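Residue numbers count from 1 along this sequence. None of these values were measured; they are calculated from a predicted model.
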Amino acid sequence: MKYKVITLCGSTRFKEDFMRVQKELTLAGNIVISVGVFGYSDNDQILTEEIKEMLDDMHKVKIEMADAIYVINKNGYIGNSTKSEIEFAKKLNKEIIYME
């Protein structure tokens with residue numbers, strides 16, 4: 001069986017939405033790739049610029065691995081990082097699914 005691979009994109013301030021969507025998509029038969037660090041939600045994380053750049057680069061690799069991206073755009077919010085991820089996915093002809 002071939003499962004669709006979906007990478008979640010969106011602001012890490014929406015941690016609860018990431019967790020909910022990850023569960024829903026997984027139970028619907030998809031392989032879900034998510035973020036590894038919730039910079040906005042995990043207040044104990046001190047992220048240097050170097051680490052932020054590494055995480056952004058890693059997320060682009062996750063997009064390359066996926067068949068589609070799922071944009072968590074709660075209340076229509078799409079930040080600059082997410083905008084760049086959407087543009088990157090478009091260049092790779094990935095399917096783009098929006099939560100809202």
My understanding is that only residues two or more places apart in sequence, or in another chain, count here; which of them pass salt bridge (Lys or Arg N to Asp or Glu O under 4.0 Å) with [X]?
| X | result |
| --- | --- |
| K2 | D67 |
| D56 | none |
| E64 | none |
| K74 | D17 |

Single-linkage hydrophobic cluster, 4.5 Å side-chain cutoff, [X] and [Y] together:
| X | Y | answer |
| --- | --- | --- |
| I72 | I96 | no |
| L55 | I78 | no |
| I97 | V32 | yes |
| I63 | M58 | no |

Hydrophobic side-chain clustering at under 4.5 Å (ILVMFWY, transitive links): who's grouped with V61? Put none if nobody.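 Members other than V61 - counting any ILVMFWY side chain reachable under 4.5 Å - are M1, Y3, V5, I31, I33, M65.
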What I'd like to find out is whether the side chain of N73 reaches to under 4.5 Å of the side chain of T82, using heavy atoms alone.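 Not touching, per the 4.5 Å side-chain cut-off.
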Give a yes or no answer on whether the side chain of [X] reaches the backbone of [Y] with a donor-acceptor pair at less than 3.5 Å.
| X | Y | answer |
| --- | --- | --- |
| T7 | I69 | no |
| E85 | C9 | no |
| S11 | F14 | no |

side-chain contact (heavy atoms from CB on, under 4.5 Å) evaluation trace for R13 with Y77: CA-CA 11 Å; R13 71 187 69 188; Y77 179 80; 3.7 Å; yes
Applying salt bridge (Lys or Arg N to Asp or Glu O under 4.0 Å), which residue pairs with at least one partner in residues 89-98 are found, sequence neighbours left out?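 Passing the test, one end in residues 89-98: K4-E95, E87-K90.
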Suppose the criterion is salt bridge (Lys or Arg N to Asp or Glu O under 4.0 Å): which pairs have a residue in residues 25-39, not counting sequence neighbours?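 Found none.
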How long is the gap from OG1 on T12 to NE2 on H59, to the nearest 0.5 Å?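 Answer rounded to 0.5 Å: 10.0 Å.
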For K83, give me all partners under side-chain hydrogen bond (donor to acceptor under 3.5 Å, both in side chains), at least two apart in sequence or on another chain.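 Per chain and number, K83 pairs via side-chain hydrogen bond (donor to acceptor under 3.5 Å, both in side chains) with no residue.
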Nearest heavy-atom neighbours spanning K62 and G36: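 Looking at all heavy atoms of both residues, the closest pair is NZ-N, 3.8 Å.
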So, for V35 and F18, which heavy atoms are closest and what is the spacing to 0.1 Å?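 So the two residues come closest at CG1-CE2, 4.0 Å.
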Should the heavy atoms of other residues, nucleotides or ligands under 6.0 Å from CD of E50 be counted, would the total exceed 12?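 At most 12 heavy atoms, drawn from other residues, nucleotides or ligands, come within 6.0 Å of this atom.
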In terms of heavy-atom contacts, does CE of M54 have more than 12 from other residues, nucleotides or ligands at under 6.0 Å?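 Atom CE in M54 is packed in, count exceeds 12.
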Pairs in or reaching into residues 23-38: which pass side-chain hydrogen bond (donor to acceptor under 3.5 Å, both in side chains), with residues at least two apart or in two chains?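 The answer is R20-E24.
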Consider side-chain contact (heavy atoms from CB on, under 4.5 Å). Of V21, V71, L8, which one does M99 pass it with?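 Among the candidates, only V21 passes.
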With sequence neighbours left out, which residue pairs that include part of residues 78-100 fulfil the ring pair (Phe, Tyr, Trp, His ring centres under 6.0 Å) condition?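 Those involving residues 78-100 do not exist here.
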